[in-house]
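Below you'll find the structure, written out as structure tokens, and then a few comments.
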Amino acid sequence: MQPTVTRIAPSPTGDPHVGTAYIGLFNSVLARQGGGKFILRIEDTDQNRYVADSEKRIFQMMQWLGLTPDESPLQDGPNGPYRQSERTELYGQHAQQLVEGGHAYYAFETPDELTELREKAQASGTVIAVPSRDLDPEQAARRVAAGDAAVVRLKVPHDGETVVNDLLRDPIHFQNAEIDDKVLLKADGYPTYHLANVVDDHLMGVTDVVRAEEWITSTPIHVLLYRAFGWDAPRFAHMPLLRNADKSKISKRKNPTSVEWYMDQGYLPEAMLNFLATMGWTHPDGTEIFDLDEFQRTFKLEDVTLGGPVFDQDKLRWYNGKYLREVLSEEEVVKRLHDYLLAHKSELPLDDYFRAVTRLLIPRIEVFSDFLDKTGYYWSEDYPVNEKAQKAIDNARELLPELAGRLKNLPSFDAESISAMFHAFAEEKGLKLGKVMPPVRAAVAGTLESPDLPQMLEALGQERVVSRVERAGR
RNA sequence: GGCCCCAUCGUCUAACGGUUAGGACACUACCCUUUCAAGGUAGCGAUACGGGUUCGAAUCCCGUUGGGGUCACCA
């Protein structure tokens with residue numbers, strides 16, 4: 001068996017897309033399983049939609065996920081260049097080769113003419129017939145030589161059918177009569193996706209083309225191209241499309257689709273990867289939590305399920321929280337959270353206090369961006385006091401001065417001692433704990449929803465606690 | 001609309017002709033408890049429909065319905 005060579009071929013037209021990450025995951029793992037290579041190729045053949053930094057951001061996304069390609073424009077490699085805009089002569093040559101072999105032809109129709117032809121074809125229920133197809137090849141070649149604007153089109157057979165073999169489904173039959181003569185080389189000299197993709201996949205030795213389902217209908221064109229070139233076609237597998245909640249193809253309007261958004265919200269790459277892996281696939285043991293290595297050990301393409309999976313933000317958040325609580329070590333979470341905050345212009349020092357607060361918050365946040373929202377009172381004396389908290393203080397203000405005194409006199413300000421103090425106090429006064437703790441909680445946190453009180457007080461430290469309780473008692 | 005793909009709880013899915021159709025997220029209740037979480041337990045909840053094939057169909061076949069994709073000198 002020859003090594004598996006896979007690729008992703010995103011076009012640099014905007015934000016690094018979660019669908020690219022999704023398809024990249026499977027391609028990367030397949031290549032590793034097959035002892036081959038995973039290539040990142042940039043399909044920048046549309047000059048109108050080109051976004052300058054997009055290519056770099058796609059690469060950074062892959063790195064962040066731990067899916068760094070083996071070859072890419074940023075690393076180079078034996079199959080370069082990896083930017084299609086730098087391979088234009090190649091496509092020109094190959095297009096010409098097809099014209100000479102009678103598999104393609106020069107076409108001179110203007111956009112307006114094409115629109116008209118398309119309308120006519122639509123009305124008669126047939127595929128567009130391009131008049132240039134019947135031009136004398138030599139005459140056409142002369143017109144091109146003379147400088148007439150022309151595109152190169154594939155000469156799709158009028159009869160027969162083209163079969164697409166897909167690793168994930170039964171052979172798909174397409175009637176050739178229903179495939180139109182696709183443009184291969186545009187008038188600006190750039191190739192279209194169809195030509196560039198086939199030429200590059202072949203030249204780069206790609207053995208397995210794993211891409212999204214939306215490509216199924218253009219695959220017969222690719223099969224026809226491989227045949228016209230006399231090349232063996234790679235194996236094809238079309239993955240289901242990630243979906244919005246309404247089942248439509250995942251889109252920016254209905255879902256965050258930029259992986260940078262997830263980075264910015266403080267999602268962990270491990271959680272994102274784990275979640276993505278469950279879109280269309282389940283671990284054979286039913287395990288929900290598994291890492292990339294485990295995925296690589298157990299993944300089988302044939303186990304992929306074809307119903308379009310809805311990209312469920314709730315489930316992703318749950319995964320992220322799970323990783324925070326159960327997969328990463330506490331120290332690792334501390335470190336990553338601190339890095340995250342640093343990148344988001346927070347200047348909290350990475351000290352024992354930060355560690356203590358983080359420890360209390362780990363079960364209470366799902367993503368890092370939740371953290372500051374829930375911890376204001378740890379960092380400043382100027383924290384908001386909500387209505388319920390104010391009420392709790394007002395209702396038990398008379399207890400506060402004495403409580404402050406007891407807290408102040410505690411020789412050891414640890415959770416256990418603090419807890420003992422509360423119990424003793426409550427018993428002495430004949431009060432329930434539920435009567436004495438809320439006002440203190442409200443005083444130090446400004447809210448009634450916060451971590452375990454003794455632990456929280458220990459973390460805050462005696463000085464802060466005493467002054468806050470004293471202040472609230474006045 | 002033509003062509004193509006798909007179809008189990010609201011969502012992600014398990015089952016690969018024989019199960020009380022299982023798990024996870026979400027939701028609800030209870031437990032734990034000083035609140036909020038986390039955790040634990042329980043509950044709610046699905047084979048789209050109609051025909052076949054078979055002793056037996058979520059599973060195989062056909063049709064219907066539904067959803068999605070695609071029909072560019074975009075990828």
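For the numbers below, each heavy atom of this structure counts, side chains included, while hydrogens, waters and symmetry mates do not. Residue numbers start from 1 in every chain, and the chains themselves are labelled A, B, ... in the order their sequence lines are given, proteins ahead of strands.
- Protein atom CZ of A/Arg169 is 6 Å distant from nucleotide atom C1' of B/C5, rounded to whole Å.
- Ion pairing of A/Arg169 with A/Asp166 is present here, as a side-chain N (NZ or NE/NH1/NH2) and a carboxylate O approach within less than 4.0 Å.
- Counted by atom type alone, A/Tyr323 and A/Asn274 present one or more donor-acceptor pairs between their side chains at under 3.5 Å.
- More than 12 non-hydrogen atoms from other residues, nucleotides or ligands lie less than 6.0 angstrom from CD of A/Glu113.
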- [ ] Would you sort out whether A/Glu55 and A/Arg83 count as a side chain to side chain contact (heavy atoms under 4.5 Å, CB included), showing the intermediate values?
- [x] CA-CA 10 Å; A/Glu55 153 187 328; A/Arg83 259 177 226 110; 2.7 Å; yes
Extract from the structure each pairing of a protein N or O with an N or O of nucleotides 13-15 of chain B at less than 3.5 Å, listing the distance.
residue : atom : partner  : partner atom : Å
B/U13   : OP1  : A/Gly280 : N            : 2.6
B/U13   : O3'  : A/Thr282 : OG1          : 2.9
B/U13   : O2'  : A/Thr282 : OG1          : 2.6
B/A14   : OP2  : A/Thr305 : OG1          : 3.3

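- Taking the C1' atom of each, B/C4 and B/U41 are spaced 48 Å apart, rounded to whole Å.
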Open item on the list: Walk along nucleotides 34-42 of chain B from 5' to 3' and tag each nucleotide B, S or - by protein heavy-atom contact under 4.0 Å, base first, then sugar-phosphate.
Closed with: BBBBSS---
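- B/A57 sits 15 Å from B/A48 when the P atoms are compared, rounded to a whole Å.
- By the 6.0 Å contact criterion, CD on A/Glu116 is open, its count of non-hydrogen atoms from other residues, nucleotides or ligands being 12 or less.
- At whole-Å resolution of the value, CZ in A/Phe290 and C1' in B/G23 are 14 Å apart.
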Counting only pairs under 3.5 Å, give me each side-chain donor-acceptor contact of residues 276-289 of chain A, with atom names and distances, residues two or more places apart or in other chains.
residue  : atom : partner  : partner atom : Å
A/Thr278 : OG1  : A/Phe275 : O            : 2.6
A/His283 : ND1  : A/Asp285 : N            : 3.0
A/His283 : NE2  : A/Glu294 : OE2          : 2.7

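- In this structure, A/Ile250 places its CD1 atom 13 Å from C1' of B/U11, rounding to the nearest Å.
- Rounded to an integer number of Å, the gap from A/Leu306 CG to B/C5 P is 11 Å.
- As rounded to the nearest Å, B/G68 and B/C55 have C1' atoms that lie 39 Å from one another.
- Checking A/Asp200 against A/Tyr91 by side-chain atom types alone, a donor-acceptor pair falls below 3.5 Å.
- Ring geometry for A/His222 versus A/His194: interplanar angle of 30 to 60°, hence tilted.
- A donor-acceptor contact closer than 3.5 angstrom links the side chains of A/Asp414 and A/Ser417.
- Under the Watson-Crick or G-U wobble criterion, with both distances below 3.5 Å, B/A15 has no partner in any strand shown.
- Computed from coordinates, the A/Ile221 CD1 to B/C4 P distance equals 14 Å when rounded to whole Å.
- Across B/A42 and B/G23, the matching P atoms stand 9 Å from one another, rounded to whole Å.
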Atom pairs, protein N/O to nucleotides 61-64 of chain B N/O, distance under 3.5 Å:
none

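- Under 4.0 Å is where a charged nitrogen must lie from a carboxylate oxygen, and between A/Arg49 and A/Asp46 at least one such pair does.
- B/C74 and B/U19 are spaced 49 Å apart, taking the C1' atom of each and rounding to whole Å.
- Heavy atoms of A/Tyr319 sit nowhere under 4.0 angstrom from any nucleic acid atom.
- When the P atom of B/C12 is taken as reference, atom OH of A/Tyr22 falls 11 Å away, rounded to whole Å.
- Look at the P atom in both B/C16 and B/U11: the space between them is 23 Å, to the nearest Å.
- Look at the P atom in both B/C49 and B/U59: the space between them is 10 Å, to the nearest Å.
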Could you list the donor-acceptor pairs under 3.5 angstrom formed between side-chain atoms of residues 435-448 of chain A and any protein atom two or more places apart in sequence or on another chain?
residue  : atom : partner  : partner atom : Å
A/Arg441 : NH1  : A/Ser450 : O            : 3.2
A/Arg441 : NH1  : A/Ser450 : OG           : 2.9
A/Arg441 : NH1  : A/Pro451 : O            : 2.8
A/Thr447 : OG1  : A/Glu449 : N            : 3.0

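- Of all nucleotides present, only B/G43 satisfies the Watson-Crick or G-U wobble test against B/C27, with each distance under 3.5 Å.
- The cationic group of A/Arg143 lies under 6.0 Å from the six-membered ring centre of A/Phe108 and within 45° of the ring axis, placing it in a cation-pi geometry.
- To the nearest whole angstrom, the two P atoms, one in B/G10 and one in B/C30, are 25 Å apart.
- Between the side chains of A/His238 and A/Glu213, no donor-acceptor pair is found at a separation under 3.5 Å.
- Judged purely by distance below 3.5 Å, without hydrogens or angles, the side chains of A/Ser251 and A/Asn244 pair a donor atom with an acceptor atom.
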Open item on the list: Does the protein touch nucleotides 70-75 of chain B at the base, only the backbone, or not at all? Give it as B, S and - per nucleotide, heavy atoms under 4.0 Å.
Closed with: S-SBBB
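- Nucleotide B/G66 is matched to B/C6 when pairs are restricted to Watson-Crick or G-U wobble geometry with both distances under 3.5 angstrom.
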Task: From CA spacing to verdict: side-chain hydrogen bond (donor to acceptor under 3.5 Å, both in side chains), A/Asp181, A/Tyr105 - done: CA-CA 9 Å; A/Asp181 289 354; A/Tyr105 60 92; 2.6 Å; yes
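- Going from atom CG of A/Leu316 over to atom C1' of B/A26 covers 14 Å, rounded to whole Å.
- Across every strand in view, B/C36 sits unpaired, with no contact that passes the Watson-Crick or G-U test at under 3.5 angstrom.
- When rounded to the nearest whole Å, the span between CZ of A/Arg243 and C1' of B/G69 equals 8 Å.
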